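These numbers come from a predicted model, not from an experiment.
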Amino acid sequence: MTQKNRIEGGQIDRDANLKFTFDGQTYHGHAGDTLASALLANGVRLMGRSFKYHRPRGPLTAGSEEPNALVQLRSGARQEPNTRATTAELFDGLTATSQNRLGSLSFDLLAINDRVSNFLTAGFYYKTFMWPKAFWEKVYEPIIRRAAGLGSLSFQDDPDAYDKGFLHCDLLIIGAGPAGLMAALTAARSGADVILADEDFRMGGRLNSETFGIGDDAGADWAAQTVAELTAMPNVRLMARTTIIGAFDHGTYGAVERVSDHIATPMDGKPRQILWRIYTQKTVLAAGAIERPIAFNNNDRPGIMTASALRSYANRFGVAVGHRTGIFTNNDDGHRTAADLYAKGVKVTVIDPRPDAPRSMDYEVLAGAQVTDTMGRLGLTFVQVRLSDGTDRTIECKALGVSGGWNPNVHMTCHQQGRPAWNDALAAFVPDALPVGMIVAGAAKGDLSTAGALVGGATAARAALDLKGRMPKLPQAEDAPVTVTPFWYVEGASRAWLDQQNDVTVKDVKLSHQEGFKSVEHLKRYTTLGMATDQGKTANMGGLAIMAELAGKTIPEVGTTMFRPPYTPVAIGALGGRHRGQDFHPKRLTPTHAWAEEQGAVFVEVGNWMRAQWFPHAGETTWRESVDREVLATRGSVGVCDVTTLGKVDVQGADAAAFLNMIYCNGFAKLPVGKVRYGLMLREDGIAMDDGTAARMAEDHFVVTTTTANALPVYRHMEFVSQCLVPDMDVQLISTTEAWAQYAVAGPNARRVLEKIVDQDISNDAFPFMACGDVTVCGGLRARLFRISFSGELAYELAVPTAYGDALIRRIMEAGAEFDITPYGTEALGVMRMEKGHAAGNELNGTTTAANLGMGRMVSTKKDSIGAVLSRREGLNQSDDLRAVGIKPVDPADKVPAGAHLMAAEGPVDAAHDQGYVTSACYSPNLGHHIALAYLKDGSNRIGETMRLVSPLTGVDVAVEICSAHFIDPEGERLRA
Amino acid sequence: MIIDHPLLGPRDSAEFTYMGDARLIDRPNPNDTDAAATFFDYAYLRDNPAGWHRELWFHEAGDRSWLVVTRNTLTHEISKVELARDVARAQGRSK
């Protein structure tokens, strides 16, 4: 197919022929085209169907503000819905498809919505699909979802990588039009570090779309030369294809760089997009202005677009959308489009509602005239014009450029709560309060002439960097004044589109007002004006103007809705970056990880750590078989478990003991050197926070352990107490969790194994229960030994510097071979601590006190400690408070699941009669039945009572006996063996 | 946000963990006769002002300093950043 609408000129490379498809049809375009410009060159105006009424639509703009021309790009896993054809850079092999249609684009079955549009006004869904209630989810919603909506996802994993990066600069310049380029040039020549970012793939902004010159050059050539000069400067980073998406606190800006969107697949090792976080001292916002349309009946047909878009397609892309073209404008800038198109051989008629519209020798100008309607089912064919004398005239044209004036692009100025101010001369909002460090220049500020942009850019850069000296001489450029007469919609228009993306018409705004949704925020939510991917960049002003007129207010009185980041839509992939799948968060490996993998361990994630959960043997078919074996083998002979993940905090200093006295509710001042003590930490509200051990290695040196999950918060808390509450205590803290590989060796043969490894005497006399000390292993390696036991067996924890962790586990396995030493995982660890009645995270669940845990007497009254005062509150010390107990089923075959609640053996089963609940439960291979730990009201006085354990939700109802939580070795003889 | 750390200079707020009202430094005296009441206030009652607020930030991914940051909760403007230890000393928490 020939590019029948291609004309001379433009910044496209006519030697570079690019083949692409749209809805299966093959077309050709050139390098430098967007998908929209290439389709228009091929005579394709129809590019999509509207959201609600499925009306045929073509591009309204030539930029990122586009509401209509949303298409799906690529296919397969790279399929990307809702991309704007007006910004999609053409590449060879691009496949694009239209979306939001049932059937073909030119015969969309859902266009029936347009015929019944009288019913589908604003609020229709709210009012209609309310009854019957059950119908919403099952009937209405799926149908509406099918009918309304945009493109579809591929439902495959995105094969491309997305990155995140950080940049710092003295001056960030947003937008590379005349103001941005001049600001960059001024700043760069002063030696400042400059970042210049522009969403377009070609820098220059409107200069690429205009015919007027700068100095002796064409505007586009001046832009290209300036970009070349900046590129050669080492202190400038030029970022094309990069959208600044938001102005955040303290000079932080978000940016999305589309590294590979303009090629079929990313180059090897390159990401698809990068999300940049830019830290800058100062910012020049030179984001330009956006032309706004005028509302009139059927103003949404393909071929009707903003006048500046027609000018862009003609001047930049060498495309005449229609060889007969109308221009409907209320300002002089619209006449520029007419002049440019006429110069390129297009037959032009200008319709200008101003009676004093400027005349032209070249083309027809209908002053005082208005467009009242348009014709053409799939694209514009005729416009109907009411002339100044009241008569109607029909004009044949394939394109109509509409200009209602220009809106300075104030979006980014409002991201820090700023609101724009109304400017009567421009009939537009201009920036007012700005984010700290931001200066606005050029059209974004309301200086709409090229000369104004150049002066503004240079001035802004000089102010931002506080440059002294004389202002450099700037090149000559056009400096036409803005002449605009506010004109928002044609009288009598009703099916006149304000927001083409959301199908919001003048009639909908009137209905919203009539029904009481008069504030702009209500208007937005009732009609959806200004929502979705374009956020109303071309639509909002018209809606505000009509609402103001209806309410009898001025536009600034009505105000604008909030502008929020992102400026244009951002792919979730870019926000996620590398943090997806396996890399969603860090994975921490224990020192025994490689060894455990060799053993075929099954791993479980615990606070980012990968811990061995159990070590299956050949022939074991269920996890229970493995866990039961590990428990029995440990209690029968000896087992070994990696407990490195428990938090370790080194506490040193003359006041170390006094400090521990402060953070633990029980006393540590009198703990002798070489001894370990169990410690319970409370929060200030008296609730248990964490537990662990503290080992006194020296008079001024303790090693504190925390639970795995609380390692970070406990350390943070300890630093808080140290720095904020006792600032002058001589105590230093450091987390050494990763510095030491620590293994529990437990079981009656534990000592025999360790005697082969530890160089010192560890006999019961020399190293009794709760002893600790510095030792050496394997003939000299420094190590720490703690005789502590979570399992209830004779047990030690041995720690060596992490680098030796792998060697040590292998040596322990070797030394233990003669005792059939068995590695055990977190499941067996849990079973054994439950058999012993030790509390863990399930018991320290953020609601329990020391008293609940049966440790009430541990809270020392002789000293101050965090949480001590509030732990003595009356409400936490009632006679029927929960107490930790053990539970066993009356029938040994029954299970006693965690989460089930305890009820009296006789009586009602309901919340009012709740007596307590099970926190942890397991099968005890030593006892041959299930056991559980529970909290029971007044539990310590109810040992031996038979109760009902119920879980109505899961159908559990079993008889249980309350018993001591210490199922195994309640006297603690094994510990001390 | 950028927090100007008194020892390390400007750092991104992402490096910090937030804890809220800096009045947590003013832990009551447990030996006071009305300690039960003052500790109740201390543990549960915090100001949540729209405007200037002194708050605690922990440089968790940094040097582990607790800082007192004076920040406007409406604008995120930060007017002062101090080491919490210095604040605690100034408020008489030395032993």
(message) If I measure from the heavy atoms of chain B, does A:Ser865 come under 4.5 Å with its side chain, its backbone, both, or neither?
(response) backbone

(message) Tell me whether the count of non-hydrogen atoms from other residues, nucleotides or ligands lying under 6.0 Å of CD in B:Glu82 goes above 12.
(response) yes

(message) Quick check on A:Phe584: does its CZ atom have over 12 non-hydrogen neighbours (other residues, nucleotides or ligands) under 6.0 Å away?
(response) no

(message) Can you tell me which portion of B:Tyr42 sits under 4.5 Å from chain A's heavy atoms? Options are side chain, backbone, both or neither.
(response) side chain

(request) Check the pair A:Asp864, B:Arg27 against side-chain contact (heavy atoms from CB on, under 4.5 Å), reporting the backbone distance first and the verdict last. (result) CA-CA 12 Å; A:Asp864 179 26; B:Arg27 187 170 183 268; 2.8 Å; yes

(request) Considering only heavy atoms, give the residues of residues 7-23 of chain B separated from chain A by less than 4.5 Å, sorted numerically, with 'none' for an empty result. (result) B:Asp12, B:Thr17, B:Met19

(request) List the atom of A:Leu870, the atom of B:Ala43, and the distance in Å for their closest heavy-atom pair. (result) CD1-CB, 3.5 Å

(request) Measure distances from A:Arg873 to the heavy atoms of chain B and classify the residue's part below 4.5 Å as side chain, backbone, both or neither. (result) side chain

(request) Measure the CG-CZ distance between A:Asp685 and B:Phe39 for me, rounded to the nearest 0.5 Å. (result) 12.0 Å

(request) Measure distances from A:Leu733 to the heavy atoms of chain B and classify the residue's part below 4.5 Å as side chain, backbone, both or neither. (result) backbone

(message) Just verifying a value: how many Å separate A:Phe248 CZ and B:His76 NE2, rounded to the nearest 0.5 Å?
(response) 12.0 Å

(request) Check whether any side-chain heavy atom of B:Ile3 sits under 4.5 Å from a side-chain heavy atom of A:His250, and report yes or no. (result) no

(message) Quick check for you: to the nearest 0.5 Å, what is the distance between B:Leu83 atom CG and A:Gln723 atom CD?
(response) 8.0 Å

(message) How long is the straight-line distance from CZ of B:Phe58 back to CG of A:Leu712, given to the nearest 0.5 Å?
(response) 8.0 Å

(request) Would you please name every residue forming a side chain to side chain contact (heavy atoms under 4.5 Å, CB included) with B:Glu77, sequence neighbours left out? (result) B:Trp52, B:Asn72, B:Thr75

(request) Report the distance from atom CZ of B:Arg93 to atom CG of A:Leu725, rounding to the nearest 0.5 Å. (result) 5.5 Å

(message) Going by salt bridge (Lys or Arg N to Asp or Glu O under 4.0 Å), name the pairs with one or both residues in residues 712-722 of chain A, residues two or more places apart or in two chains.
(response) A:Arg716-B:Glu60

(message) Please list all pairs meeting side-chain hydrogen bond (donor to acceptor under 3.5 Å, both in side chains) that have one or both residues in residues 62-71 of chain B, counting only residues at least two apart or in different chains.
(response) A:Tyr715-B:Arg64, B:His5-B:Asp63, B:Glu55-B:Arg71, B:His59-B:Asp63, B:Asp63-B:Ser65

(message) A side-chain contact here means heavy atoms from C-beta on lying under 4.5 Å apart; do B:Ile2 and A:Asp249 qualify?
(response) no

(request) Report the residue from B:Leu56, B:Leu24, B:Val68, B:Val87 that forms a side chain to side chain contact (heavy atoms under 4.5 Å, CB included) with A:Cys724. (result) B:Leu56

(request) Using non-hydrogen atoms and a 4.5 Å limit, figure out which bit of A:Arg277 sits close to chain B: side chain, backbone, both or neither. (result) side chain

